[in-house]
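Working notes for the structure below.
Quick caveat, the model's predicted, so the values are computed rather than measured.
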Amino acid sequence: MVQAKAWILARHFDGFPKDSDFQLKEEELPEPKDGEVLLEAVFLSVDPYMRPFSRVRMKEGDVMIGTQVAKVIQSKNPTFHLGSHVVSRSGWRSHSLSDGSDLIPIMSEWPQDLPLSLALGTVGMPGLTALYGIEEVLGLQAGETLLVNAAAGAVGSVVGQIAKIKGCKVVGSAGSDAKVAFLKELGFDQVFNYKTVSSLEEALRSASPEGYDCFFENVGGPFSTVALQQMKDLGRIAVCGSISTYNDANPQTGPYPQMTMIMKQLKMEGFMQSRWADKHPESLKRLMGWVKEGKLQWREHVTKGFANMPAAFMGLLKGDNTGKAIVAV
């Protein structure tokens with residue numbers, strides 16, 4: 001028997017999450033059956049999607065959704081050897097049982113000098129999201145100008161770097177001067193702190209007077225309204241997130257983008273990386289290749305301790321993180 005811990009959604013979030021919305025529960029897990037493995041969490045991910053998805057994919061009393069890098073501590077499945085590591089979608093759990101069908105082995109050629117937590121970030125779901133948004137949705141071409149907001153986050157920071165690899169001009173916005181400095185280190189051409197500029201419209205126009213061919217949207221709300229006015233004719237927008245609206249108790253309304261989209265003949269498409277799951281193995285190898293070549297830099301915001309999962313999640317929603325938010329057990 002293993003004493004396992006799990007964070008439960010005690011009640012659906014009403015506005016910004018609160019400590020009382022979460023509950024820590026303990027349970028005893030039995031020995032794995034034939035074909036099963038027992039996993040111990042090593043790194044857990046906290047991501048913005050958990051806020052809106054908790055409403056539509058969870059009921060009160062469910063274990064919080066999410067992925068983790070876990071170690072196989074018992075195995076009765078020949079595919080997963082004792083001591084090996086996997087990416088698991090088992091949620092906010094310290095230990096879990098799996099039949100292996102939902103597990104992704106860490107790639108065998110993982111460099112020893114890179115933390116396995118990158119499998120939850122740059123060489124994981126956020127990296128895949130950035131890659132597919134750029135290639136599959138936007139079709140970004142060399143010489144084009146890309147705008148990305150929430151640019152210092154797990155997805156945005158990879159978006160900008162891949163765009164530079166492809167020979168594009170990249171403009172990013174972030175919410176602190178420290179994040180702006182980080183993005184400049186990554187090679188972004190123009191970066192601004194949206195919280196301190198006197199006019200978002202002027203900041204966008206100054207960063208790229210000729211406008212924007214592509215916009216990688218992570219924020220939504222008023223930022224999106226202003227940014228659409230700066231798009232070039234026939235511009236493309238990949239809608240990845242809308243973090244500025246996730247905690248609204250009352251949904252935001254208007255202004256509405258239809259006339260702008262018609263007059264500029266814009267293409268806007270929402271997406272999730274799971275649409276291209278068949279490409280994941282090769283895409284992860286490409287991302288890892290860029291990391292090993294030094295073309296993709298990474299940064300993590302690490303919170304220590306499984307007990308601090310809710311605090312790490314709420315900190316993420318407040319913008320405390322630069323790069324990927326990770327909880328290390």
Side-chain angles (χ1 to χ4, degrees), residues 1-14 16-33 35-77 80 82-106 116-117 119-121 124-126 154 246-247 274 300-318 320-321 324-329:
M1 290 285 190
V2 170
Q3 195 74 15
K5 297 179 179 180
W7 280 105
I8 305 298
L9 179 67
R11 59 186 60 83
H12 279 295
F13 306 123
D14 181 14
F16 196 87
K18 306 178 293 295
D19 286 332
S20 58
D21 295 330
F22 305 93
Q23 182 181 357
L24 184 61
K25 286 193 172 181
E26 295 188 1
E27 61 179 344
E28 285 190 347
L29 294 181
E31 295 290 314
K33 302 174 183 176
E36 290 186 333
V37 295
L38 178 62
L39 304 172
E40 182 177 68
V42 180
F43 298 105
L44 296 103
S45 180
V46 286
D47 301 280
Y49 79 83
M50 295 172 178
R51 175 61 178 86
F53 275 44
S54 68
R55 174 65 66 176
V56 299
R57 296 195 177 179
M58 296 180 63
K59 60 182 183 295
E60 292 180 350
D62 286 350
V63 175
M64 279 294 297
I65 55 176
T67 54
Q68 58 177 252
V69 170
K71 183 177 181 179
V72 177
I73 59 172
Q74 292 186 45
S75 178
K76 292 185 178 179
N77 185 321
F80 302 97
L82 186 67
S84 63
H85 290 84
V86 298
V87 176
S88 167
R89 295 190 297 270
S90 51
W92 294 14
R93 298 177 183 270
S94 64
H95 298 79
S96 56
L97 286 168
S98 172
D99 64 3
S101 61
D102 61 340
L103 304 181
I104 302 173
I106 296 292
L116 294 177
S117 52
L120 301 174
M125 182 273 288
Y246 290 167
N247 296 301
S274 54
E300 294 178 328
H301 182 96
V302 180
T303 301
K304 293 185 178 180
F306 184 77
N308 293 317
M309 289 291 299
F313 177 56
M314 290 185 282
L316 168 78
L317 295 176
K318 290 188 292 185
D320 290 350
N321 62 299
K324 181 71 185 79
I326 294 290
V327 174
V329 178

If every non-hydrogen atom of A312 is compared with every non-hydrogen atom of V327, which pair is closest and at what distance?
CB-CG2, 3.6 Å

Between the main-chain N or O of R93 and the side-chain N or O of Q68, is there a donor-acceptor pair closer than 3.5 Å?
yes

Shortest non-hydrogen contact from A119 to V87?
CB-CG2, 3.9 Å

List the residues meeting side chain to side chain donor-acceptor pair (under 3.5 Å) with S88, not counting sequence neighbours, and say none if there are none.
S90

Would you name the heavy atoms of M58 and M64 that are closest together and state the gap between them?
CE-CA, 3.6 Å

Can you tell me if K304 has over 12 outside heavy atoms packed within less than 6.0 Å of its NZ?
no

Sub-3.5 Å donor-acceptor pair from the side chain of W92 to the main-chain atoms of I65, do we have one?
yes

Between A10 and S20 the two heavy atoms that sit nearest each other are CB-O, 4.0 Å

Here the gap from L9 atom CG to E60 atom CD, rounded to the nearest 0.5 Å, amounts to 6.5 Å

Measure the CE-OG1 distance between M309 and T303 for me, rounded to the nearest 0.5 Å.
9.0 Å

How far does NZ of K33 sit from CG of D99, to the nearest 0.5 angstrom?
11.0 Å

List, one per line, each side-chain donor-acceptor pair under 3.5 Å for residues 37-57, sequence neighbours excluded.
{"residue": "E40", "atom": "OE2", "partner": "H95", "partner atom": "NE2", "Å": "3.2"}
{"residue": "S45", "atom": "OG", "partner": "D47", "partner atom": "OD1", "Å": "3.3"}
{"residue": "S45", "atom": "OG", "partner": "D47", "partner atom": "OD2", "Å": "2.5"}
{"residue": "S45", "atom": "OG", "partner": "K324", "partner atom": "NZ", "Å": "2.8"}
{"residue": "D47", "atom": "OD1", "partner": "K324", "partner atom": "NZ", "Å": "3.2"}
{"residue": "R51", "atom": "NE", "partner": "N247", "partner atom": "OD1", "Å": "2.8"}
{"residue": "R51", "atom": "NH2", "partner": "G15", "partner atom": "O", "Å": "2.8"}
{"residue": "R51", "atom": "NH2", "partner": "Y246", "partner atom": "O", "Å": "3.4"}
{"residue": "S54", "atom": "OG", "partner": "M50", "partner atom": "O", "Å": "3.3"}
{"residue": "S54", "atom": "OG", "partner": "R51", "partner atom": "O", "Å": "2.7"}
{"residue": "R55", "atom": "NH2", "partner": "F13", "partner atom": "O", "Å": "2.9"}

Rounded to the nearest 0.5 Å, the CD atom of Q74 sits from the CD atom of E31 at a distance of 4.5 Å

Please give me the minimum heavy-atom distance between L29 and L97, naming the atom from each residue.
CD1-N, 4.4 Å

Kindly write out the residues that satisfy side chain to side chain donor-acceptor pair (under 3.5 Å) with S98, not counting sequence neighbours, or none if the list is empty.
D102

Keeping K76 on the side-chain end and P32 on the backbone end, is there a donor-acceptor pair under 3.5 Å?
yes

Could you measure the distance from the CG atom of N308 to the CH2 atom of W7? Nearest 0.5 Å is fine.
8.5 Å

To check you understand the geometry: which heavy-atom pair defines the closest contact between G100 and N77, and what is its length?
CA-ND2, 4.4 Å

